[in-house]
Amino acid sequence: MADINHFEYGWITPALSYALSVLGSILGLVCAGRIRTARTAGQRAWWGLLAAWALGGTAIWAMHFMAMLGFAVDGARIRYDVSLTAASTAIAVVAVGIGLAIVGTGRLNSVRLVAGGVCTGAGVAAMHYTGMAAMRLNGSLGYDPTRVVLSVVVAVVAATVALWLAMTVRRGLAIFASALVMGVAVNGMHFTGMSALSVHLHERSGGVTGAGVSALLVPIVVAVIFGVVGLLYALLAAPTDDDRAAAAYLDARRTPEPTPAAPAAAPDPVGLRARSTLGQPGTPFPSRRDNPPR
């Protein structure tokens, strides 16, 4: 059995992974809050997609990859299968999206919360072990079943808490405190799963296929940066509840335009306007002989 080091670069990688999970959690909680205030189904779907990307893509998957940078096996060179690595990203985003769809449609209750937590937690665990299966090295991987089950339980509990916070936390300091808690839960699930891993090196060394960490690092960092910038832009560009309230107040205060008055009729002192026959061509002018005085 080979010696495994989870912190090859010291506390740099776990600190960065925790920072990523907190950042993604903050953005995800804010986007989830917009789901509750959305007025149309299209707006709810849009904010749900952004929340799923923030939580699944940044808070969970990017955190997982950053923590994996500090993973090393003595005497083995580690490479990664690109297709499985990309699949693990999709699994995380889809799992969070399903959980948000379950708890975000209709009134929140315990049944919806548990169902969403189980689906999301199972997806997060699948993401983690898919990412581990993407590793390529001159050896075989083994897992302690007890710790694997424990990591899945931690993932389900963490996902349930995250969904509950996403649907109940409003703004400000509560979002930041909730993101700190979610960061601890996500990192706890990752390192619990990593503690279940054991590596048995092969006696004969052979060629290892796949992409190195350096080859994956640049595109992943660029994707995370663009994703975070895009999320911030979407949040800053969208109107908030205060913006809508201010717009409604201005509309209520706006003075309605005056209705143009009808033109006043010209004076008719002798009553000629009442005699409509005068306006018809060929009508003779009335005479007193036709209507002798009584």
Rounded to the nearest 0.5 Å, how far apart are [atom1] of [X] and [atom2] of [Y]?
X: Arg77; Y: Asn138; atom1: CZ; atom2: CG; value: 12.0 Å
X: Thr130; Y: Ile91; atom1: OG1; atom2: CD1; value: 3.5 Å
X: Leu180; Y: Ser25; atom1: CG; atom2: OG; value: 9.0 Å
X: Leu137; Y: Leu201; atom1: CG; atom2: CG; value: 7.0 Å
X: Ile26; Y: Ser178; atom1: CD1; atom2: OG; value: 10.0 Å
X: Leu235; Y: Arg34; atom1: CG; atom2: CZ; value: 5.5 Å

Q | With Ser151 via side-chain hydrogen bond (donor to acceptor under 3.5 Å, both in side chains) - residues at least two apart | A |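 Ser151: side-chain hydrogen bond (donor to acceptor under 3.5 Å, both in side chains) contacts with Tyr129.
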
Q.
Check this for me: Leu49, atom CG, are more than 12 non-hydrogen atoms of other residues, nucleotides or ligands nearer than 6.0 Å?
A.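 Correct, the count exceeds 12.
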
Check: [Y] and [X] side chains under 4.5 Å, non-hydrogen atoms:
X: Leu216; Y: Phe65; result: yes
X: Asn187; Y: Ser17; result: yes
X: Tyr233; Y: Val228; result: no
X: Leu197; Y: Tyr143; result: yes
X: Met68; Y: Met135; result: yes

If you compare all heavy atoms of [X] against all heavy atoms of [Y], which two are closest, and at what distance to 0.1 Å?
X: Val154; Y: Ala185; answer: CG1-O, 4.3 Å
X: Leu84; Y: Ala134; answer: CB-CB, 3.6 Å
X: Ala196; Y: Arg147; answer: CB-CB, 3.4 Å
X: Ala72; Y: Ile78; answer: CA-CD1, 4.2 Å
X: Arg79; Y: Gly212; answer: NH2-N, 3.6 Å
X: Ala234; Y: Trp47; answer: O-CH2, 3.5 Å

[X] with [Y], same ILVMFWY side-chain cluster at under 4.5 Å:
X: Leu23; Y: Val222; result: no
X: Tyr9; Y: Leu20; result: no
X: Phe71; Y: Ile60; result: yes
X: Val156; Y: Met167; result: no
X: Leu232; Y: Leu50; result: yes

Q. Checking side-chain contact (heavy atoms from CB on, under 4.5 Å) for the pair Val186/Met189: CA distance, chi angles, key distance, verdict?
A. CA-CA 5 Å; Val186 172; Met189 180 271 158; 5.9 Å; no

**Q.** Audit row: Phe7, Phe191, ring-ring contact (aromatic ring centres under 6.0 Å, His included) steps and yes/no
**A.** CA-CA 11 Å; Phe7 308 101; Phe191 288 106; 5.6 Å; yes

Q: Assess whether side-chain contact (heavy atoms from CB on, under 4.5 Å) is satisfied between Arg136 and Tyr80, documenting all intermediate values.
A: CA-CA 5 Å; Arg136 298 290 182 263; Tyr80 292 90; over 6 Å; no

Q | Modelled atom types, side-chain donor and acceptor of Asp144 and Ser198, under 3.5 Å | A |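 Result is no, nothing qualifies.
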
Q. How about Thr58 and Trp53: does a side-chain donor come under 3.5 Å of a side-chain acceptor?
A.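 No, no side-chain donor-acceptor pair sits under 3.5 Å.
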
Q.
Between Leu16 and Tyr18, is the side-chain contact (heavy atoms from CB on, under 4.5 Å) condition met? List the steps.
A. CA-CA 5 Å; Leu16 290 177; Tyr18 180 74; over 6 Å; no

Q.
Ring-plane angle category for His190 and His128, please: parallel below 30°, perpendicular beyond 60°, tilted otherwise.
A.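 If you compare the ring of His190 with that of His128, the planes turn out perpendicular.
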
Q.
So does Thr85 get a backbone contact from the side chain of Thr89, meaning a donor-acceptor N/O pair under 3.5 Å?
A.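 Confirmed, Thr89 side chain pairs with Thr85 backbone.
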
Q: Start with the C-alpha distance between Met182 and Leu165, add both sets of side-chain angles, then the distance that settles side-chain contact (heavy atoms from CB on, under 4.5 Å), and finish with yes or no.
A: CA-CA 9 Å; Met182 290 173 62; Leu165 292 173; 3.9 Å; yes

Considering only distance and modelled atom types, tabulate donor-acceptor pairs under 3.5 Å from the side chains of residues 112-124, sequence neighbours left out.
{"from": "Arg112", "atom 1": "NE", "to": "Thr105", "atom 2": "O", "distance (Å)": "3.4"}
{"from": "Arg112", "atom 1": "NE", "to": "Arg107", "atom 2": "O", "distance (Å)": "3.4"}
{"from": "Arg112", "atom 1": "NH1", "to": "Ile102", "atom 2": "O", "distance (Å)": "3.1"}
{"from": "Arg112", "atom 1": "NH1", "to": "Thr105", "atom 2": "O", "distance (Å)": "2.6"}
{"from": "Arg112", "atom 1": "NH1", "to": "Thr105", "atom 2": "OG1", "distance (Å)": "3.3"}
{"from": "Arg112", "atom 1": "NH2", "to": "Thr105", "atom 2": "O", "distance (Å)": "3.3"}
{"from": "Thr120", "atom 1": "OG1", "to": "Ala95", "atom 2": "O", "distance (Å)": "3.3"}
{"from": "Thr120", "atom 1": "OG1", "to": "Gly116", "atom 2": "O", "distance (Å)": "2.8"}

